[in-house]
Enquirer: 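There's a structure below that I have some questions on.
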Number of protein chains: 2
Amino acid sequence: MGLSRREEIILAATELFAKHGFHAVGMRAIADAVGIRGSSLYHYFPSKLDLLHAIALDSTRAFIETQLPDVESIPSHAGRLRQLLRAHILYFHEHRQEEAVGLRELQELRENAPERYIEIQSIRRVYQTGLERIISDGIDAAEFVYDDAHLATLAVLGLVNSVNDWFRETGRYSIDEVADAYCDIAVSRILGARSVR
Amino acid sequence: MGLSRREEIILAATELFAKHGFHAVGMRAIADAVGIRGSSLYHYFPSKLDLLHAIALDSTRAFIETQLPDVESIPSHAGRLRQLLRAHILYFHEHRQEEAVGLRELQELRENAPERYIEIQSIRRVYQTGLERIISDGIDAAEFVYDDAHLATLAVLGLVNSVNDWFRETGRYSIDEVADAYCDIAVSRILGARSVR
DNA sequence: GCAAGCCTAACGAACGTTCGAACGGGTGTC
DNA sequence: GACACCCGTTCGAACGTTCGTTAGGCTTGC
């Protein structure tokens, strides 16, 4: 139990926010899940919105920092893209609650704390730009066959992000099977990469 | 203004739920948008949850009923799929607020009115089954090249549903361009249909 | 005079948040 | 070793507000 109280709170709040939504969960419910009283939460976070901000920022940063650097060493564009998308799907599966909160409750920050929304969005943009760069380079190198790198990026992102909408641990596929199949759809089919392994 | 008061309420509530979320919008706010008092809403809906149910059911049924029958007359599987996906994207764009509520707040019904959740889910399943049938038939007829109709259906659905996550009227594409491009990605690239027009 | 439609008023509960006090372990002083 | 002191942590109680909902009465058109 190397968890600090602050981390315990973030963990419990993430789970509750992901399951019921930000506004459906009261501070007292979060405190109950940790085993303290509602008022004690304010020792760690000045407001409920700050708590949401901490969750969204942590999850966004954690994803970007662990995923992007790993692909630099792979030689082919198709290989880099495949590796990145695979890591994306697996990470989003492993941290699906954090990412669900990060995606769904962002507009809450947008309305009530615009500068924090922009902060998180700009981090997200780094990732999307990096992905688009890989695709764009692959097109220039004639490794991919598609004429619009921007639209292809959006399509591929929409595809891989949709896994969490339907995937269940108890279903007919394992997450590894889905990751493989979706990467193949994105790299070989959508982008038309031919010689990849 | 052929709108009945009941329809006005549904319209206003849809807009507010889509923008702020179900729990963030109070009955008084909905009433304000219509120009009546909060208590008057209970003349039309017995509870807030019933109002949400009406929105989710209406939007789901309207989509299914207007989309599915249209494609029966088209000869090729690829043509049917293309037409269906195109209508899907355009419909989801035109009714993006209703569909956003229908997608995001469904778990609210799932927790607090399970039988209504099942009702809506079963309608949705009709559509997904119909889509999978088209894809499956196309594979059997060797018009599509993919080995898993179920996974292909999920991928294609995830792809077309993702448009509303990023599309903005003021962006660089029109919705028609996006619909064309995404249909092409789904039909020609993911499913590998060759001779289509 | 009936019913639909809308109102005011109020209910108890829950909301996010604030406040001041109490607890308990560690440190410094005698 | 005993003592006072501090500070991180938690608590109970309460603040004012808003929540979903109910009850009852007024107006209007058939």
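Letters go in sequence order (proteins before strands), and every chain restarts at 1.
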Enquirer: Please determine if a side-chain N or O atom of Arg37(B) lies less than 4.0 Å away from the OP1 or OP2 oxygen of dT8(C).
Expert: yes
Enquirer: Return the nearest nucleotide to the side chain of Ser39(B); candidates are dT22(D), dT18(C), dC6(C).
Expert: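 Between dT22(D), dT18(C), dC6(C), the one nearest the side chain of Ser39(B) would be dT22(D).
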Enquirer: Under the criterion side-chain contact (heavy atoms from CB on, under 4.5 Å), which of His95(A), Glu99(A), Glu98(A) is the partner of Phe63(A)?
Expert: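 Testing Phe63(A) for a side-chain contact (heavy atoms from CB on, under 4.5 Å) against His95(A), Glu99(A), Glu98(A) leaves exactly one candidate, Glu99(A).
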Enquirer: To the nearest angstrom, how far is Glu108(B) atom CD from dG20(D) atom C1'?
Expert: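 Going from CD in Glu108(B) over to C1' in dG20(D) covers 13 Å.
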Enquirer: Hey, is the side chain of His43(A) poking within less than 4.0 Å of OP1 or OP2 on dT9(D), counting only N and O atoms?
Expert: yes
Enquirer: Please report, rounded to the nearest Å, how far the P atom of dC6(C) is from the CG atom of Leu41(B).
Expert: 10 Å
Enquirer: Let me know the distance between CE of Met27(B) and P of dC11(C), rounded to the nearest Å.
Expert: 20 Å
Enquirer: Which part of the nucleic acid, if any, lies within contact of Val34(B), taking any heavy atom under 4.0 Å across all strands shown: a base, the sugar-phosphate backbone alone, or nothing?
Expert: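 Nothing, no nucleic acid heavy atom in range.
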Enquirer: Between dC19(D) atom P and His23(B) atom NE2, what is the distance in whole Å?
Expert: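 Roughly 12 Å, once rounded to whole Å.
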Enquirer: In whole angstrom, what separates Leu49(A)'s CG from dC15(C)'s P?
Expert: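 Going from Leu49(A) (CG) to dC15(C) (P), I get 17 Å.
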Enquirer: Applying a 4.0 Å non-hydrogen cut-off, can you work out what Arg5(A) is touching in the nucleic acid: base, sugar-phosphate, or nothing?
Expert: sugar-phosphate
Enquirer: What's the verdict on side-chain contact (heavy atoms from CB on, under 4.5 Å) for His88(A) and Asn161(A), showing C-alpha distance, side-chain angles and the deciding distance?
Expert: CA-CA 8 Å; His88(A) 181 127; Asn161(A) 276 334; 3.0 Å; yes
Enquirer: Between dA10(C) atom P and Arg28(B) atom CZ, what is the distance in whole Å?
Expert: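 Rounded to whole Å, this separation is 13 Å.
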Enquirer: Indicate whether the side chain of His53(A) and that of Glu119(A) have a donor and an acceptor atom separated by less than 3.5 Å.
Expert: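 A pair is found: one side chain offers a donor N or O, the other an acceptor, under 3.5 Å apart.
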Enquirer: Check the distance between dG16(C)'s C1' and Leu52(A)'s CG and give it to me in whole angstrom.
Expert: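 Rounded to whole Å, this separation is 14 Å.
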Enquirer: Side chain of Ile36(A): nearest nucleotide among dT10(D), dC7(C), dT21(D)?
Expert: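 Nucleotide nearest to Ile36(A)'s side chain: dT10(D).
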Enquirer: Could you tell me the separation between the CZ atom of Arg96(A) and the OG atom of Ser59(A), rounded to the nearest 0.5 Å?
Expert: 14.5 Å
Enquirer: Under 4.0 Å between a side-chain N or O of Tyr44(B) and OP1 or OP2 of dC6(C)?
Expert: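 Yes, Tyr44(B) has a side-chain N/O under 4.0 Å of OP1/OP2 on dC6(C).
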Enquirer: Counting only side-chain N and O atoms of Ser40(B), is one of them less than 4.0 Å from OP1 or OP2 of dG5(C)?
Expert: no
Enquirer: Looking at Phe22(B), I'd like to know if the NZ or CZ of Lys48(B) sits under 6.0 Å from its six-membered ring centre while staying within 45 degrees of the ring's axis.
Expert: yes
Enquirer: Between atom OH in Tyr42(B) and atom P in dT21(D), what is the gap in whole Å?
Expert: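 Result: 4 Å.
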